Amino acid sequence: MATIFHRFYENKNAFLNPCDVTEKISGFPEVCITTFSESIIKNFVENNTVKIIANLYSANGTIPIYEIKYADKKMGLFLSRVGAPACVAGLEEIIALGAKKVIQFGCCGILNRSIADSKIIIPSSAVRDEGTSYHYFSGSEEIIADASSNDIVVQYLKRHKIPYVVGKIWTTDAIYRETPEAIEERKKQGCVAVEMECSATLAVAKFRNIPMLQFFYGADNLDSDQWEIRDLTDYGLSLSDKYMTIALECGIVFERNGFNRAD
């Protein structure tokens, strides 16, 4: 597998491309917000004026893409599926539809309570313990997040005195194979949290030259003798207004800044 993962093909013209199955929409929102929590999406849709402008299709079902307005600015909103391959497929199609900048947020497992507990977590980099990113970015143990995008959310959190940390994320394909040995190894690498998509979506953003801003909120805790589920099954609903406000406010700055590539 190491041989496969280290044979990166730079040709952007694949046998099947997103534009082959997705037609660009005129006037599609430049900035799109996405999260993995269906509960957060439903809560926002039920309490705000939105309209469906497109759909993402798969055997799992149909995901609507909403056009929303915030501070008189138009943005897109859609659900990302859990797991790097499914998440990346949706992201590719969103870009093909016309998105130029993406804000993604979701829950994560805490690996370092003293650093990350009860804070918004912004990825400085991600350990690539998944397979999808290696098809978009040359082989390396980690992938670095875009500092310009990170600074947008950092400045917002500072202004509003919301606790945060910028740190390394562990992205894994196998939620039920986070063994004590693997957890300890990742903690020694400096990882403060674990999730399933960050390194893959960062790779796509770099490959497609799309700025991406990401942040996470802690759910379950792995920095203890036994797993602590905490509010993992709440799917972020109890603080959904807080997370959506962060994303929306950052979206305004994202849209205004005008930069259009990931460094």
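Fair warning: this is a prediction, and the values are worked out from it, not measured in the lab.
The minimum heavy-atom distance linking Leu213 with Ser149 is given by the pair CD1-O, 3.4 Å. Here the shortest heavy-atom pairing between Ala193 and Ile121 reads CB-CD1, 4.1 Å. Taking all atoms of both residues into account, the shortest heavy-atom contact from Ile252 to Ala71 is CD1-CB, 4.0 Å. Summarising the geometry of Thr201 relative to Cys87, their closest heavy-atom pair is CG2-SG, 3.5 Å, with the distance given to 0.1 Å. Closest approach of Ile40 and Ser240 over heavy atoms only: CG1-CB, 3.6 Å. Between Ser80 and Thr34, the closest heavy-atom pair is OG-OG1, 2.7 Å.
A cation-pi arrangement is present between Arg128 and Tyr134, with the terminal nitrogen or guanidinium carbon under 6.0 Å from the aromatic centre and inside a 45° cone about the axis. Remark: Lys12 is positioned above the aromatic ring of Phe207, its terminal NZ or CZ atom under 6.0 angstrom from the ring centre and at most 45 degrees off the axis.
Atoms CG and CD1, from Asp223 and Ile183 in turn, are 9.0 Å apart once rounded to the nearest 0.5 Å. With values rounded to the nearest 0.5 angstrom, Phe36 atom CZ is found 7.0 Å from Glu195 atom CD. One finds the CD atom of Glu185 at 8.5 Å from the CH2 atom of Trp170 (value rounded to the nearest 0.5 Å). Taking CG of Leu79 as the start and OG of Ser37 as the end, the distance is 8.0 Å to the nearest 0.5 Å. Taken to the nearest 0.5 Å, the CD1 atom of Ile65 stands 6.5 Å off from the CD1 atom of Ile25. For the atom pair Glu142 CD and Thr171 OG1, the distance stands at 10.5 Å (nearest 0.5 Å).
Under the 4.5 Å side-chain criterion, counting only non-hydrogen atoms from C-beta, Gln155 is not in contact with Val253. No side-chain heavy atom of Ile53 sits less than 4.5 Å from a side-chain heavy atom of Tyr66. Ser199 has its side chain out of reach of Val127: every pair of non-hydrogen atoms, C-beta onward, lies at least 4.5 Å apart. Taking the side chain as every heavy atom from C-beta outward, Ile110 and Asp220 never approach each other to under 4.5 Å. Counting heavy atoms from C-beta outward, Thr245 and Tyr156 have side chains that approach closer than 4.5 Å. Within the 4.5 Å cutoff, the side chain of Cys198 has heavy atoms near those of the Phe216 side chain. In this structure the side chain of Val102 never reaches within 4.5 angstrom of the side chain of Phe254, judged on heavy atoms.
Transitive grouping of hydrophobic side chains (ILVMFWY, heavy atoms separated by less than 4.5 Å) keeps Val166 and Ile169 in distinct clusters. One hydrophobic cluster holds both Ile68 and Tyr70 under the rule that ILVMFWY side chains link at heavy-atom gaps under 4.5 Å. In the hydrophobic clustering of this structure, Ile52 groups with Phe28; members are Ile, Leu, Val, Met, Phe, Trp, Tyr whose side-chain heavy atoms approach within less than 4.5 Å, directly or through other members.
Ion pairing between Lys206 and Asp146 fails under the 4.0 Å rule for side-chain N and carboxylate O. Salt-bridge formation is detected for the pair Arg230/Asp117: a Lys NZ or Arg NE/NH1/NH2 atom is positioned less than 4.0 Å from an Asp or Glu carboxylate oxygen. A salt bridge is absent between Glu255 and Lys74: the closest approach of a Lys/Arg side-chain nitrogen to an acidic carboxylate oxygen does not fall below 4.0 angstrom.
Annotation: ring-ring contact (aromatic ring centres under 6.0 Å, His included) contacts of Phe215 (sequence neighbours excluded): Phe105.
Using modelled atom types, one side-chain atom of Asn112 and one backbone atom of Ile115 make a donor-acceptor pair closer than 3.5 Å. Listed for the Glu38 side chain is no donor-acceptor partner under 3.5 Å among the backbone atoms of Ile41. Checking side-chain atoms of Lys168 against main-chain N and O of Gln189 turns up a donor-acceptor pair under 3.5 Å. Side-chain atoms of Asn17 never come within 3.5 Å of backbone atoms of Asp20 as a donor-acceptor pair (strictly under, hydrogens ignored). No donor-acceptor distance shorter than 3.5 angstrom exists from the side chain of Asn43 to the backbone of Ser39, with no hydrogens or angles considered.
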Under the criterion side-chain contact (heavy atoms from CB on, under 4.5 Å), I'd like the reasoning laid out for Asp173 against Met196: C-alpha separation, chi angles, the key distance, then a yes or no.
CA-CA 6 Å; Asp173 274 340; Met196 300 181 70; 5.7 Å; no
Run the side-chain contact (heavy atoms from CB on, under 4.5 Å) test on Tyr136 and Val88 for me, step by step, so that the C-alpha distance in whole Å, both residues' side-chain angles and the decisive distance to 0.1 Å come before the verdict.
CA-CA 10 Å; Tyr136 288 89; Val88 159; 3.5 Å; yes
Taking it one step at a time, do Glu197 and Gln104 satisfy side-chain hydrogen bond (donor to acceptor under 3.5 Å, both in side chains)?
CA-CA 10 Å; Glu197 301 85 15; Gln104 185 176 69; over 6 Å; no
Quick one: do Tyr217 and Lys242 satisfy side-chain contact (heavy atoms from CB on, under 4.5 Å)? Show the steps, please.
CA-CA 11 Å; Tyr217 53 91; Lys242 172 183 177 179; over 6 Å; no
Going through the distances and angles, do Asn55 and Thr62 end up as a side-chain hydrogen bond (donor to acceptor under 3.5 Å, both in side chains)?
CA-CA 6 Å; Asn55 291 287; Thr62 301; 5.8 Å; no
side-chain contact (heavy atoms from CB on, under 4.5 Å) for Leu56 and Thr22? Distances and angles first, verdict last.
CA-CA 9 Å; Leu56 299 177; Thr22 306; over 6 Å; no
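Sparse packing is recorded around NZ of Lys69, with 12 or fewer heavy atoms of other residues, nucleotides or ligands lying under 6.0 Å away.
Under the 3.5 Å distance criterion, with hydrogens and angles disregarded, no donor-acceptor pair is assigned to the side chains of Glu130 and Thr172.
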